[in-house]
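A quick write-up on the structure given underneath.
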Amino acid sequence: MYSTDDEYFDSDEFREMLATYEEAVSQGQPVFLDADELAEIADYYQMTGHADQADEAITLALSLSPGAVMPLVYKIHEALYYGRTDEAEQLLDQIIEKDSPDYVYAQGEIMLAKGQDREADAFFKDQFKTMPPSEYQDFIIDVANIMQDYGYAERAMQWMKRAHHEDSAEYKELMARTLFGLGKYDDSEKLWTELIDDNPFSKRYWNALASAQFMNEDYSNAVESSEYALAIDPEDPDGLVAKANSLYRLGNYEQALEFFRRYSEQVPDDEFALMNQGTCLVNLERTDEAIRMLSRALETAPADSPYLPDIYQELAFAYSENGRYDEAIRWLGKTEPLECDHVQVLVVKGHILLAAGRMKEAEACFRDAVLASDSPHQTLLRIIVSLYDNKYVETSYALFKKFFLIVPEGFAEGYAYMALCCYDLKKWDEFLHYLKEACLLNPKECQIALAHLFPEDVKPEDYYQYMITNLKK
């Protein structure tokens, strides 16, 4: 039986029930389980990627008890997952036990799925007023979980503040997820670490820790955490994609490609992983393979995929690397009707036009990008880096000189790239000056721009001291 990392589904009690069910089904015998038990089995099948078996179990449950709460809640969740809120409301009407907590939760979930978070919050508060004190804690935790599941972390935290603090794994996990949703990754990481101390064999906890570290840009530790998850289950999709993402951010494209590939073997219809394989191939200068992989990602992606703009941009980069600049621009044009960062697209278009030697057209794109940008300094920085990447090193150097005169106080970006320009131009005094600034202000940018100049065991914040020490030798 598949290990789900879920305490109940991995319990002897559930395993025995599942075995009884599967034996009856395989032999064509009657199934002597109630509707709630069959809904649990459907949940298990759905969690483990066996959609057909899940449908069979839930269909049987509804045939035995047409108005039962749990099978109908299962169907409501399924309808909401696919955005079918009208169907979810129709299913809700079929529930017989209107006083069931799960009926109440389903009502609120439908509101949240429709984007009615204020209405849902007010609804839950009204229901809370009718609860006996003995049920307060369970109701609060359940509502906070629902709010967090639907992406309303602030509302989830407001509900958590009503709860009594618990030392239970369930409470800590919900708090860790809510803190993550609020962008408080350090606090979330601490709680996941506590949970791991109590249960070091939970791949779910290790993957959650890896996610918090990834969002904190602590990619090396994120890789390590994902490796613990994979030690528990070598083919765990969450562990595979967590490690792949972190390896990619570390610039280890060869290994990242391998882990994205392994993830795609487990989840073949995920266009995100296919796209990232293509991106890795672009960075490895295997552009023909990249185009084939990105085309596959495009074929796999649904019409409303949020990754379409990224796929189009990566295809543009791949065709540009192959010298097919007009084709690259054509792919960028496909982003125009989509919701995306159109300023970024203009910068990419300018970058490709620079590579094609079409300087005037590139300048026009860059000008339009700055004028359209809500953060012109960030856009200017991307443009100057694009000039550097296209071998306009002296132009990039001159623009950086002007750039640092106009950026607001406290702006901490660009110094590492300026140090790189100075290094290439052999302006050693200026190189050391900007390297020192970069190490003090933005070690992460140092690693991105300058890591290739230093041994792997030297921390980015120590690049300046390492250089000074070695110059004295």
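Just so it is clear, the structure is predicted and the values come from calculations on it, not from any experiment.
Screening residues 350-366 for side-chain hydrogen bond (donor to acceptor under 3.5 Å, both in side chains) gives Asp326-Arg358, His351-Ser386, His351-Asn390, Arg358-Glu361 as the qualifying pairs, with residues at least two apart or on separate chains. Residues in residues 172-187 take part in these side-chain hydrogen bond (donor to acceptor under 3.5 Å, both in side chains) pairs, two or more places apart or across chains: Asn145-Arg177, Asp149-Arg177, Asp167-Lys172, Lys172-Glu194, Glu173-Arg204, Asp186-Asn216. Sequence neighbours left out, the pairs with a member in residues 265-275 that pass salt bridge (charged side-chain N to carboxylate O under 4.0 Å, His left out) are Arg261-Glu265.
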Apply the test side-chain contact (heavy atoms from CB on, under 4.5 Å) to residues Asn322 and Ile291: give CA-CA distance (whole Å), side-chain angles for both, the deciding distance (0.1 Å), then the verdict. CA-CA 10 Å; Asn322 265 4; Ile291 290 169; 3.8 Å; yes
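Between Phe128 and Phe139, the ring planes lie parallel to each other; the angle is under 30°, not in the 30° to 60° tilted range. Using cut-offs of 30° and 60° on the angle between ring planes, the pair Phe431 and Trp428 is perpendicular. Ring pair Phe454/Tyr466 is perpendicular by interplanar angle, where above 60° counts as perpendicular and below 30° as parallel.
Side-chain contact, His377 with Glu413: no donor N or O sits under 3.5 Å from an acceptor N or O. Donor-acceptor pairing under 3.5 Å is recorded for the side chains of Tyr8 and Glu40. For the residue pair Glu166 / Gln137, a side-chain donor-acceptor distance below 3.5 Å is found, with atom types taken as modelled.
Annotation: cation-pi geometry not satisfied between Lys203 and Trp206 (NZ/CZ under 6.0 angstrom from ring centroid, within 45° of ring axis).
Residues Phe14 and Tyr44 have side chains in contact (heavy-atom distance under 4.5 Å, counting atoms from C-beta outward).
The CD atom of Glu78 sits 8.5 Å away from the CD atom of Gln46 when rounded to the nearest 0.5 Å.
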